[in-house]
Amino acid sequence: MQQMILTIEENKPLAPNVYRLRLFGKGMEEQRPGQFINLLLPGRFLRRPISVYDWEEDRVTVVYKTVGHGTEQLAQMKPGEKLDTLTGLGNGYDLSKAGERPLLLGGGAGVPPMYLLARRLKEQGREVTAILGFNTREEVFAEEAFRALSCRVHVATADGSYGEKGFVTDVLPEEYSYVYACGPEPMLRAVHRSVKTSGQFSLEERMGCGFGACMGCSIQTASGPRRICREGPVFEKEEILWAD
Amino acid sequence: MQQMILTIEENKPLAPNVYRLRLFGKGMEEQRPGQFINLLLPGRFLRRPISVYDWEEDRVTVVYKTVGHGTEQLAQMKPGEKLDTLTGLGNGYDLSKAGERPLLLGGGAGVPPMYLLARRLKEQGREVTAILGFNTREEVFAEEAFRALSCRVHVATADGSYGEKGFVTDVLPEEYSYVYACGPEPMLRAVHRSVKTSGQFSLEERMGCGFGACMGCSIQTASGPRRICREGPVFEKEEILWAD
Amino acid sequence: MGRLSTTLCGIELDNPVIPASGTFGYGWEFARWYDINCLGTFSFKGTTREPRFGNPTPRIAECPAGMINAVGLQNPGVDRVIEEELPALRQVFHKKVMANVSGFSVEDYAYTCERLDKEEQVGWLEVNISCPNVHGGGMSFGTDPALAAEVTRAVKQVTKKPVLMKLSPNVTDITAIARACEEAGADGLSLINTLQGMRIDLKKRKPILANVMGGVSGPAVFPVALRMVYQVSRAVSIPVVGMGGVTTAEDVLEMLMAGACAVEVGAANLTDPFACKKIIQDLPFAMDRYHIESVSELKGGH
Amino acid sequence: MGRLSTTLCGIELDNPVIPASGTFGYGWEFARWYDINCLGTFSFKGTTREPRFGNPTPRIAECPAGMINAVGLQNPGVDRVIEEELPALRQVFHKKVMANVSGFSVEDYAYTCERLDKEEQVGWLEVNISCPNVHGGGMSFGTDPALAAEVTRAVKQVTKKPVLMKLSPNVTDITAIARACEEAGADGLSLINTLQGMRIDLKKRKPILANVMGGVSGPAVFPVALRMVYQVSRAVSIPVVGMGGVTTAEDVLEMLMAGACAVEVGAANLTDPFACKKIIQDLPFAMDRYHIESVSELKGGH
Ligand SMILES: Cc1cc2nc3c(=O)[nH]c(=O)nc-3n(C[C@H](O)[C@H](O)[C@H](O)COP(=O)(O)OP(=O)(O)OC[C@H]3O[C@@H](n4cnc5c(N)ncnc54)[C@H](O)[C@@H]3O)c2cc1C
Ligand SMILES: Cc1cc2nc3c(=O)[nH]c(=O)nc-3n(C[C@H](O)[C@H](O)[C@H](O)COP(=O)(O)OP(=O)(O)OC[C@H]3O[C@@H](n4cnc5c(N)ncnc54)[C@H](O)[C@@H]3O)c2cc1C
Ligand SMILES: Cc1cc2nc3c(=O)[nH]c(=O)nc-3n(C[C@H](O)[C@H](O)[C@H](O)COP(=O)(O)O)c2cc1C
Ligand SMILES: Cc1cc2nc3c(=O)[nH]c(=O)nc-3n(C[C@H](O)[C@H](O)[C@H](O)COP(=O)(O)O)c2cc1C
Ligand code: FES
Ligand code: FES
């Protein structure tokens, strides 16, 4: 974990209500896929956790959806403005389990963390398939970015207005070695039911701190209580106990 | 009263910890001498009341001293930034009582409201004497501005490091027709005791609203309870009942 | 009935937004700035039997996301309210007003309420029981269920208008006070009054307020107020007016969802004299955002 | 004695700044970010007889200038605290730690305190009596003077270390609880715990917290906390540890002026993991600004 005052370099819409934010800070540690950063917005008490979308030396990029006052306020901010940020939070995905043909599943605001993961897996020479799920055509983002990594990319829209019609689970390929997934809980549950290999899922919860101090984000897992912000947000599929 | 989003045109130091702030707002009503404006600073709950120093069409100027977090924050603001402001608050001085040779007494942060008053009285052809009191040489501000109005100007410093040594009451002229005074309470009490004519004094109190709604700023006067923000801040000398 | 309309103790309100007592004077001054007939109604400054100057100054301090006041019920007394304030108000406000009453003995309350009950302009009596009981050792009427019930009964005996008892949040169990008022005949409840708090002046090393302590209000108290409105509206079957930190149309909706049938706005009027007007204007848009068809649909929607 | 030093129940502290229970874990994790020996001490996560998972999520909500938590005392239980957490802490913290204890019966409290009393690392026992008394109808131990005194006596019987009773602010008269604890033998008092509050999710039209209600903390509660510290420190003659919304060095000074001999910092650690370190660094400058020579000069300076 690092606390840094980062400078906004870019904050631009990718799709309706979805923005890409690039932040610069000299000396920023490497951010790993599946980790998140925690942004303090002026006038808000709690920080806002957002997954790492990409990382280059001294620069972290995130993609966020405006869903409430904090993210709406963030969308108003301009390049040059500063943000007090905690970086390098959470465990991140374990890439060593990917196997040769990992499958990456992202739904809506769960798509972003898949990007840096895909990039790293490609760098390791894996054959990556990314399935990106959205509600409708106009919400689609990041497809081109995944294609530029030369992943195999499928887009599914719930209303069929773009790509394949249905949920990410409706377009699973025949063969894959491992699954990485991030998205809303109903999607993760469906993925859990549908996929045949082992995998890692990224979870979300309202957070008090984001770095393990408050026990605000705890879940029960097969191995006992775990903090999403510290032992997570990535959990082995088999560890997750879904609440009824 | 008007509520306006005003734009900072100038915010510059006049003396250590004293700043002159000029605010622009199209359609601003005329601000009268002795009135005040009430500034909402980002992140603060209550507004900060500051006396009108000068007014020109669409522009109000105030002079403030940094004494706490709000005024320190204000001092950091830059031209172009906006301030939610209530203007035209309070009664202002009654100029009709000035007589031919009004005496204006300002002490420290009580100097600013005397400027627009002096200007208006000069416009009416009065012979204005302004006595400005400060603690020490380096705190002196606005002297030149008063001179430029061709007032008679005396400066008194408590330590004698500039102008005459002593308090404003130590340099009262022989003759004057009426007194206008603004400054810390000990100064106003001394003025009350020392001057022989009638006069008007400007008072201060911690305010909840600044426009008469909360009864936060009430004082007892010879004619009963009065709100400093509404029936004041200017009171006839004879009306004021000093607390013991 | 319009999309925003609601009912408070049998009287229809065009909308649920009510400036809170002590932050809107006797109303007519605000009428110089906007047409106050846009309000649901408003609650006028706490009125007592005798005129009161209130506490010495400083009476106001700031705190994070709020303020502290120790005004001490400054008001011209019920005689002048009836002779001067209400006639002035009549010129600019054509709806029923809520009469906020304070007292320092049970007789005080009954006397003042009886006087105001006769005024046609008055729609509701809002009885503030946060004041100390000067005949009973200074403990506030609002912190003891028996005392709260006693005031309620005394007031109900002398009035025909709906009586709202206004509860103090500075208690261990607000539902006990609420139930005591309901059983004693209250027609409704208003809550919360201010939370007791204080600040110290670091330069002077002494309390900022001349009265040492005062009442905290503003957004800082919102979650506590909301909790109490939620608890009380489940504990009684009379209507609840919710307040405490309400600043935006969304806050109004949250209070309604917690169980309030109308919402008062206090400190927000002080930092923005147009606060209530703006909230009323924003309400339909906020309702659209959360797919709320009408205010009445939220009532009991929990 | 340094400029910042103070004494808490006979144990000297290098400075009056203490991370509050529930916001600093068992300390050793923070030691990865800074040398936590700069702290006065810290109060570890509320520990119970048995391990507890706590409440379902969501456990956290935001509010103006603060937050609400309904963690529900998640902790590994006193056995593992003694076997795992304290040994891990010993590697990085060389001062006495404050052991925060919770329970749901008088026996729970006594058992857990007795176990922790034997640990050399523990300097003080801080007994959180805000929890519901499961054997006594669920009313919190901290809202009834008799229950509070009973817990105090039970704990004092089994411990030799100084016992600080940690008081709930959700009461009509906190000085009554404070005096009851003092008479029952408490060596000091800690206050305040969180104010009960709630928020509603406008989109879902239901409470944000799975537990419906939770505890408000952060700057929003500062004026209420300060008032209670002021009242309690005048009502008892044992030392008071003040907390509730403290975020800056100036807040620490204000709490000390209100009557606290040391100050805990809670929610501020969650939004800024370096909050306590920064406050300690800022303290001398803030003291210069207000011409305060030493922390000890403020004690009783009211
Ligand atoms: C580990 C993690 C990674 C995330 N990554 C992303 C991402 O890459 N892109 C993205 O768009 N969103 C992401 N989110 C969700 C994002 O944090 C919330 O959408 C955001 O905090 C909402 O803030 P708000 O002020 O707009 O909403 P409000 O509802 O006004 O927020 C109020 C409070 O609720 C919390 N909150 C509200 N919704 C959520 C939620 N779904 N999850 C957690 N806390 C919430 C806020 O943090 C804040 O404390 C992530 C969440 C977590 C926990
Ligand atoms: C009618 C009126 C006119 C004024 N005109 C001027 C002026 O022309 N120039 C100038 O420098 N100052 C003036 N003041 C004083 C000025 O309002 C305060 O210095 C300022 O509000 C302090 O704010 P702060 O945040 O820096 O201090 P803080 O102490 O951090 O403020 C905390 C709170 O206390 C209030 N407060 C603190 N000191 C005072 C004070 N002396 N009077 C009133 N409220 C106070 C603040 O408004 C705020 O609500 C005037 C005050 C009044 C009432
Ligand atoms: C300056 C001021 C004066 C008040 N005077 C009264 C009063 O006379 N009678 C009363 O019942 N409540 C009074 N209150 C309490 C408010 O009506 C309201 O209950 C409280 O402020 C909480 O609402 P808010 O957070 O929106 O301000 C006063 C509040 C303030 C801020
Ligand atoms: C997330 C969280 C968990 C807490 N857990 C405990 C606890 O286990 N035991 C306890 O005595 N107090 C607990 N508290 C209360 C704090 O120790 C403190 O009394 C309160 O938060 C007020 O201080 P603050 O406003 O600085 O946060 C907790 C507070 C928070 C925010
Ligand atoms: S959010 Fe605080 S422990 Fe996870
Ligand atoms: S400050 Fe509110 S009436 Fe004067």
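Chain naming here is simple, since letters A, B, ... match the order of the sequence lines and numbering starts at 1 in each.
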Determine, stepwise, if the pair B/E205 / C/R59 fulfils salt bridge (Lys or Arg N to Asp or Glu O under 4.0 Å).
CA-CA 9 Å; B/E205 192 42 83; C/R59 295 176 173 185; over 6 Å; no
Most heavy-atom pairs under 4.5 Å with chain C, out of B/G224, B/S218, B/G208, B/P225, belong to B/S218
Bottom line for C/Y26: the part with an atom under 4.5 Å from chain B's heavy atoms is neither
Is there a side-chain contact between B/C217 and C/I60 in this structure, where contact means two heavy atoms from C-beta onward sitting under 4.5 Å apart?
no
Heavy-atom pairs under 4.5 Å with chain C - which of B/N38, B/D84, B/I219 has more of them than the others?
B/I219
What part of C/L202 is in contact with chain B, defined as an atom under 4.5 angstrom from a non-hydrogen atom: side chain, backbone, both or neither?
neither
Checking C/E62 side chain against B/F45 main chain: does a donor-acceptor pair fall under 3.5 Å?
yes
Please indicate whether B/E72 has more than 12 foreign heavy atoms, meaning atoms of other residues, nucleotides or ligands, lying under 6.0 Å from its CD.
yes
Under 4.5 Å, counting heavy-atom pairs only, tell me which of B/M1, B/Q2, B/R47 racks up the most with chain C.
B/M1
Any side-chain heavy atom of B/V67 within less than 4.5 Å of one from C/K203?
yes
Side chain to side chain contact (heavy atoms under 4.5 Å, CB included) assessment of C/N75 paired with B/M215
CA-CA 9 Å; C/N75 79 93; B/M215 306 289 147; over 6 Å; no
Side chains of B/R230 and C/E29: closer than 4.5 Å at any heavy-atom pair?
yes
Tell me, yes or no, whether the heavy-atom count around B/F167 atom CZ, taken from other residues, nucleotides or ligands under 6.0 Å, exceeds 12.
no
Side chains of C/D272 and B/Q3, heavy atoms from C-beta outward: is any pair under 4.5 Å?
yes
Separation between CG of B/L46 and CG of C/L270, rounded to the nearest 0.5 Å:
8.0 Å
To the closest 0.5 Å, what do you measure between CG (B/L86) and CZ (C/F274)?
7.5 Å
Where does C/T271 contact chain B at under 4.5 Å (heavy atoms): side chain, backbone, both or neither?
both
What part of C/A61 gets closer than 4.5 Å to chain B, counting heavy atoms only: side chain, backbone, both or neither?
backbone
Closer than 3.5 angstrom, by distance alone: can the side chain of B/R206 be matched with the main-chain N or O of C/P58 as a donor-acceptor pair?
no
